[in-house]
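Down below is the structure, laid out as structure tokens.
So you know, we letter chains A, B, ... as the sequences are listed, proteins then strands, and number each from 1.
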Amino acid sequence: MTSAPPVVTRFAPSPTGHLHIGGARSALFCWAFARRHGGHFVLRIEDTDQARSSDESARGIMEDLAWLGIDWDEGPELKLPDRTVGGDPRSVGPFFQARRVHLYNQYIMQLVERGRAYPAFETTEQLEAKRKAAVAAKQTYRYDRAALRELPEVKDRLKRIESGEPHVVRFLAPAEEVIVHDQVLGDVKYGEGEMDDFVIRKADGFPTYHFAVVIDDELMGVTHVMRAQEHLNNTPRHVALQRALVRDDADGRPFKTPVYGHMPLIVNMDASKMSKRDKAKVARAAARRFVDAFSEDDLFVRFEQVWKETKDLPENPRPPNDLKETFGDFLSGESDSVFWAWVMSRMLGIELPEIEVSDFRQNGYLPGPITNFLSLLGWNPGMKLPNGKDLEKFDNQFLAQHFDIERIGKSSAKFDRAKLLSFNADAIGALTDEAFAAEWRAWCRTYEPALPNHLDDRRWLILARAVKQRARTMRDGVKSAAFVLRPDDSSEFDKAAVEKNLLAGDRAGLKLLAEFRDLLAKIDPFEPAAINSAIEAFAAGKGVGMGAVAQPIRVAVAGSPVSPPLGETLAVIGRQGALKRIDTCLATLSPNR
RNA sequence: GGCCCCGUCGUCUAGCCUGGUCUAGGACAUCACCCUUUCAAGGUGGUAACACGGGUUCGAAUCCCGUCGGGGUCACCA
């Protein structure tokens, strides 16, 4: 055991999918706060929902955190090529809640024995009926304590628990007012009688979130809890639990209440909560449009086909018993599965909103601008640059040195992708050509393998240099580089561009192109600078502007009027390829054909 | 609906705690112009906000009250 760190923060995701972008900000702030104060940042996996948790999700979340540069001092170990993250220096693990059930049970029994918790036997259906009745009568539903009245004596409660009869355990909520001292929001009061007897252990024997959090935060010595404001209303329950519990070890002291700070929510541009469900919403809306235009059966045929194609992907969940039913559930809104949303997006050719860290990674965002942008959602360093402008570009290291709870804002922040995109573009622009070439190549190898396979190192660097300043994301760069993948003998050309740049004015462009073709064969070396000056000299010799020469060439080699500068474009294509493309163009547009 | 939180340009925000220096600053987006072989990039400039109503005060974006508006949460999910 090492001595207790001055500050212990934690991030406690449930492994039911990828890391949510909002979760990433929570983790980032907790990490930064721990760093700032020389403390520890703990990663704990809250997998008490057996049905929805998976090891793959836990692993994915850890990889995404590490990718963002958020390393945890304590928690499950993750071996990376360059380092290992995690560990258990204070012996407070394990860090998967499913492996801590014995601890929770110990404290559940403590509460039952001391009369602060009791078993209850209603079925979910019975409870649901009561809840509905209360809503119908326009009353606030609260658990009616029927089970408590049934078992007034502690010894009878213990007996019933031991009998093996299915039950949940409920916490006997205190009647008194609870004040949460929040570092961000100030004192938040919850009046007496607001809390009901919430469940602390489910029928399957696992603790509920509320209970597990309180036990683990105490046992792991968490000093500061920073989380999103959606949890604010849970906090009085946690405080009540902390007041009711004492440590099971020798000193038997009461539980401590950590310092709380509730961060503003990150929401969509329409102010709704940003959640994974948004993917399903977008996919469903598109699917319904399709159904309106065609038919549900048509959609299902395509759905089945895409599903079969993607069957072996790791994201694919267990095969459903009835695909038609799964399909129906998704369409009706019964299910909001991210995976089925993805299948829908594939078959309908639509883009899903980026919600999870992996979405941004796939779409070619860099980790630096993501954490930088995230830092500014609900926090601000409040510093000026020497030129008087606000300081807002910084890295994780800066955050770790300057982050403070006092400067966390109170109002929710809309997630403006346009600004993130701009940050990402700036970060790409700040890379050296060589660094960008390497990063871009690495990204392409995973997400767009055709492109790098096509080019050697020399040409890749020329391409990367040309693409860098027009790429806001790695994926964007692929668009600018589309000309690389064009077959040299392709006879498809942008129609309007052919008219405008090659055929207009009695085929003036085409004539210049034919003349330039022979010059091109002689340019030496076949490098961007030499090619560019050859084109300039050619234009000057003809007494025409650069545009009159450049656009015909561009259309001929790229098939479209848009490409990186011609020197670079031609050098990447190579002399032979360029000649072939121009010849194909000339032949295609020849009047004799 | 109950409970809780919030309210500065379209968006993220600085300023608010410790009223005057705020004719409210920056960034993204947007518009115009410049540069330019296309697309970008870059440069210059512009439009644009203190939710509303009452107080307190010589003076309010800043303090107080109310109204309105937005959001969160009300599970054997976390």
* Heavy atoms under 4.0 Å, any strand shown: does Pro564(A) hit a base, just sugar-phosphate, or nothing? -> base

* **Sugar-phosphate only, base, or nothing, as touched by Ser563(A) at under 4.0 Å among non-hydrogen atoms** => base

* Structure fact -> Pairing partner of G2(B), by Watson-Crick or G-U wobble and under 3.5 Å for both distances, is U73(B)

* **Shortest non-hydrogen contact between Ala98(A) and Val101(A), atoms and distance** => O-CG2, 3.4 Å

* Asked: So what does Lys273(A) touch, heavy atoms closer than 4.0 Å: a base, only the sugar-phosphate, or nothing?
  -> sugar-phosphate

* Which part of the nucleic acid, if any, lies within contact of Phe206(A), taking any heavy atom under 4.0 Å across all strands shown: a base, the sugar-phosphate backbone alone, or nothing? -> nothing

* Base partner of C39(B), which must satisfy Watson-Crick or wobble distances under 3.5 Å -> none

* **Sugar-phosphate, base or nothing in reach of Asn234(A), heavy atoms under 4.0 Å** => base

* To do: Give the C-alpha distance, both sets of side-chain angles, the deciding distance and a yes or no for ring pair (Phe, Tyr, Trp, His ring centres under 6.0 Å) between Tyr209(A) and His238(A).
  => CA-CA 10 Å; Tyr209(A) 158 73; His238(A) 301 172; 5.7 Å; yes

* Nucleotide paired to U23(B) in any strand shown, Watson-Crick or G-U, under 3.5 Å -> none

* Expressed in whole Å, how much space separates the P atoms belonging to G43(B) and G7(B)? -> 34 Å

* To do: Evaluate the side-chain proximity of Val549(A) to Lys542(A): yes if any heavy-atom separation is below 4.5 Å, no if none is.
  => no

* So what does Lys138(A) touch, heavy atoms closer than 4.0 Å: a base, only the sugar-phosphate, or nothing? -> nothing

* **chain A contact limits on RNA chain B, taken 5' to 3' with a cut-off of 4.0 angstrom to heavy atoms** => G2(B) to A78(B)

* Asked: What nucleic acid atoms does Ala203(A) come within less than 4.0 Å of, heavy atoms only: base, sugar-phosphate, or nothing?
  -> base

* Counting Watson-Crick and G-U wobble pairs only, both distances under 3.5 Å, name the nucleotide matched with A61(B), or none. => none

* To do: Answer yes or no on whether Lys393(A) is positioned over the face of Phe423(A), meaning its NZ or CZ is under 6.0 Å from the six-membered ring centre and within 45° of the axis.
  => yes

* Which part of the nucleic acid, if any, lies within reach of Arg170(A) when heavy atoms closer than 4.0 Å are counted: base, sugar-phosphate only, or nothing? -> sugar-phosphate

* Structure fact -> So the ring-ring contact (aromatic ring centres under 6.0 Å, His included) pairs with at least one residue in residues 172-204 of chain A (sequence neighbours excluded) are Phe171(A)-Phe198(A), Phe198(A)-His210(A)

* Counter-base of G66(B), judged by Watson-Crick or G-U geometry with both distances under 3.5 Å -> C52(B)

* Are any side-chain N or O atoms of Asn424(A) and backbone N or O atoms of Pro369(A), one a donor and one an acceptor, separated by less than 3.5 Å? -> no

* Structure fact -> Applying the 3.5 Å cut-off to both distances, the Watson-Crick or G-U partner of G10(B) turns out to be C28(B)

* With sequence neighbours left out, write down each residue that passes salt bridge (Lys or Arg N to Asp or Glu O under 4.0 Å) with Asp204(A), or none if nothing qualifies. => none

* Structure fact -> Of Ser14(A) and Val188(A), the one whose nearest nucleotide on RNA chain B sits closer to the 5' end is Val188(A)

* With a non-hydrogen cut-off below 4.0 angstrom, is Pro13(A) in contact with a base, only sugar-phosphate, or nothing? -> nothing

* Asked: When you look at CZ of Arg99(A), are more than 12 heavy atoms from neighbouring residues, nucleotides or ligands closer to it than 6.0 Å?
  -> no

* Describe the nucleic acid contact of His262(A) in one word from base, sugar-phosphate, nothing, applying a heavy-atom distance below 4.0 Å. => nothing

* Asked: So what does Glu122(A) touch, heavy atoms closer than 4.0 Å: a base, only the sugar-phosphate, or nothing?
  -> base

